[in-house]
Amino acid sequence: MQVLKFGGSSVANAENINKVISIVQQASQKDKTILVVSALGGITDKLITSATLAAAGDETYTEHLAIIEKRHISTVQELIPVARQSSVLSAVKKQCNEIEDICNGIFLLRELSAATKDRVVSFGELLSSQIISAKFSAEGVENVWKDSRELITTDSNYGNARVDFETANKQITAFFNDKLQNLFVLPGFIASNAAKNTTTLGRGGSDYTAAIYAAALNAKILEIWTDVSGMMTADPNQVSNAKIIPHISYQEAMELSHFGAKVIYPPTIQPVLKRNIPVKVKNTFSPQDPGTIIDNTATQNGNIIRGITSINNVALLGLEGS
Ligand code: ADP
Ligand code: ASP
Ligand code: MG
């Protein structure tokens, strides 16, 4: 078993999704594969904007919803042959109507709870994963789509829920153990609480979803596919000569991610570290690049410093006295 996760920029449009399909198709010939995907790039932000505008009584939320629907519809139209489009198009339309109904409710009530916000953003990953699953089917690649909310149970801390690993691991192993298929497509980021209400694992949380599946199933490898060729010595947006780190320990990767290296969502390392599952960070747009390996065999490379990170907009507050 291997788990491959593709982030928002990797699935931003039909052209990029085609790259993902070809990488996954090749990989799945070697081993049983779980594919975890993020929402189409920018969609989570747009869903939050729509819900926030609706809560503020700003009618322009409908314009944002129209853009969200158009992006998904045009992705399907470009990606999937016309003869196979109708069922996925109607599923996309149905779910976009549901987002609109929820936002209309938010607009009428002028109220956006954390629970409702999670419900709204969940559609990003639900839509992307269903479109990608439909693309595989259209290509004749048998695959199973499964809603991560039925497998990953969390507490009710909406927006940044904590995973109940005992329940989740049981549900995950029970689901995958008796399946003979070779390819599974699941949404990242989303989960549900004991009452089956939708929760989310925190912004960037699809990496974590993939790690949860990898650990529960004792996968051979967890691959995080993104838009850079690995974990780098610094944020490439800020440091033009940042270099790829070919090999890094779990502890070092965890530390870099906790202190600002956005390439991996911080909680991701913990579940795989526990089971000693190696993590590879790879570039969807340059798949031949070796990327970064994260495991427990990384040795010093002669440099004292493995990488440098930074976090913006931090305030330090000192409190004293009564
Ligand atoms: P995805 O949508 O695939 O999850 P993210 O945007 O979350 O991708 O993470 C990848 C981005 O992380 C890169 O495009 C890069 O700009 C940024 N980044 C910040 N620090 C680092 C680092 N040390 N190494 C690599 N990428 C980094
Ligand atoms: N789509 C979610 C976000 O933008 C989760 C993810 O991409 O990992 O935060
Ligand atoms: Mg990310």
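Whatever order the structure lists ligands and atoms in, that order sets their numbers, starting from 1. Since this is a predicted model, take the numbers as computed values, not measurements.
In this structure a side-chain-to-backbone donor-acceptor pair under 3.5 Å is present from Q130 to L126. Of the possible polar contacts, one joining the T209 side chain to the F189 backbone as a donor-acceptor pair under 3.5 Å is found. With hydrogens and angles disregarded, no donor-acceptor distance shorter than 3.5 Å links the side chain of E125 to the backbone of S38. The closest donor-acceptor contact from the side chain of K179 to the backbone of F175 lies under 3.5 Å. Looking only at distances, no side-chain donor or acceptor of R275 sits under 3.5 Å from a matching main-chain atom of L217. Judged by distance alone, the side chain of D118 and the main-chain N or O of G159 form a donor-acceptor pair under 3.5 Å. A donor-acceptor contact shorter than 3.5 Å links the side chain of N182 to the backbone of S28. Although no hydrogens or angles enter the test, the distance criterion places a donor-acceptor pair under 3.5 Å between the side chain of N143 and the main chain of V141. Checked by atom type and distance alone, the side chain of T173 pairs as donor or acceptor with a backbone atom of N169 at under 3.5 Å.
For the pair G204 and ligand 1, no heavy-atom separation below 4.0 Å is found. Assignment of G230 to the shell around ligand 1 is supported, since a heavy atom sits closer than 4.0 Å. Within the structure, ligand 1 has P236 among the residues with a heavy atom less than 4.0 angstrom away.
Y158 and T116 share no side-chain donor-acceptor pair at under 3.5 Å. R149 and T198 share a donor-acceptor pair across their side chains, judged by distance under 3.5 Å alone. There is a side-chain donor-acceptor pair under 3.5 Å between T167 and D164.
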Residues E111, S113; criterion side chain to side chain donor-acceptor pair (under 3.5 Å); working and verdict: CA-CA 6 Å; E111 199 176 276; S113 68; over 6 Å; no
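Nearest protein heavy-atom contact of atom 1 (P) of ligand 1 is T226 OG1, 3.6 Å. Looking at atom 16 (O) of ligand 1, its nearest protein heavy atom turns out to be N237 ND2, 2.7 Å. Atom 26 (N) of ligand 1 has its closest protein heavy atom at V263 CB, 3.5 Å. If you check which protein heavy atom lies closest to atom 23 (N) of ligand 1, you get M232 O, 3.1 Å. In this structure, atom 6 (O) of ligand 1 lies nearest to the protein heavy atom K262 NZ, 2.9 Å.
Of all atoms in ligand 1, listed by their number and element, those nearer than 4.0 Å to a heavy atom of G8 are 2 (O). Applying the 4.0 Å criterion to heavy atoms of A234 picks out, from ligand 1, the atoms 22 (C), 23 (N). Near M231, with a cut-off below 4.0 Å to any heavy atom, the atoms of ligand 1 are 24 (N). Near A261, with a cut-off below 4.0 Å to any heavy atom, the atoms of ligand 1 are 20 (N), 23 (N). Taking every heavy atom of D227 and a limit of under 4.0 angstrom, the matching atoms of ligand 1 come to 10 (C), 11 (C), 13 (C), 14 (O).
D289 has no carboxylate O lying under 4.0 Å from a charged side-chain N of K282, or vice versa, which leaves the two without a salt bridge.
When heavy-atom distances to ligand 1 are checked against a 4.0 Å cut-off, K5 comes that close only through its side chain, counted from C-beta outward.
Considering backbone and side-chain N/O of D207, none are found under 3.5 Å from N/O of ligand 1. For ligand 1, the polar-atom distance check against T233 finds no nitrogen or oxygen pair separated by under 3.5 Å. Between V228 and ligand 1, not a single N/O pair is under 3.5 Å apart.
For the residues V281, D235, T44, the heavy atom positioned nearest atom 18 (N) of ligand 1 is part of D235.
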Contacts table for ligand 2: protein N or O within a distance under 3.5 Å of ligand N or O, distances only.
from	atom 1	to	atom 2	distance (Å)
ligand 2	1 (N)	T44	OG1	2.8
ligand 2	1 (N)	E125	OE2	2.6
ligand 2	4 (O)	T44	OG1	3.4
ligand 2	4 (O)	R203	NH2	3.0
ligand 2	7 (O)	S38	OG	3.0
ligand 2	8 (O)	G204	O	3.3
ligand 2	8 (O)	G205	N	3.4
ligand 2	8 (O)	S206	N	3.0
ligand 2	8 (O)	S206	OG	3.1
ligand 2	9 (O)	R203	NE	2.7
ligand 2	9 (O)	G204	N	2.8

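Using a 30° and 60° split on the angle between ring planes, W225 and F6 fall in the parallel class, below 30°.
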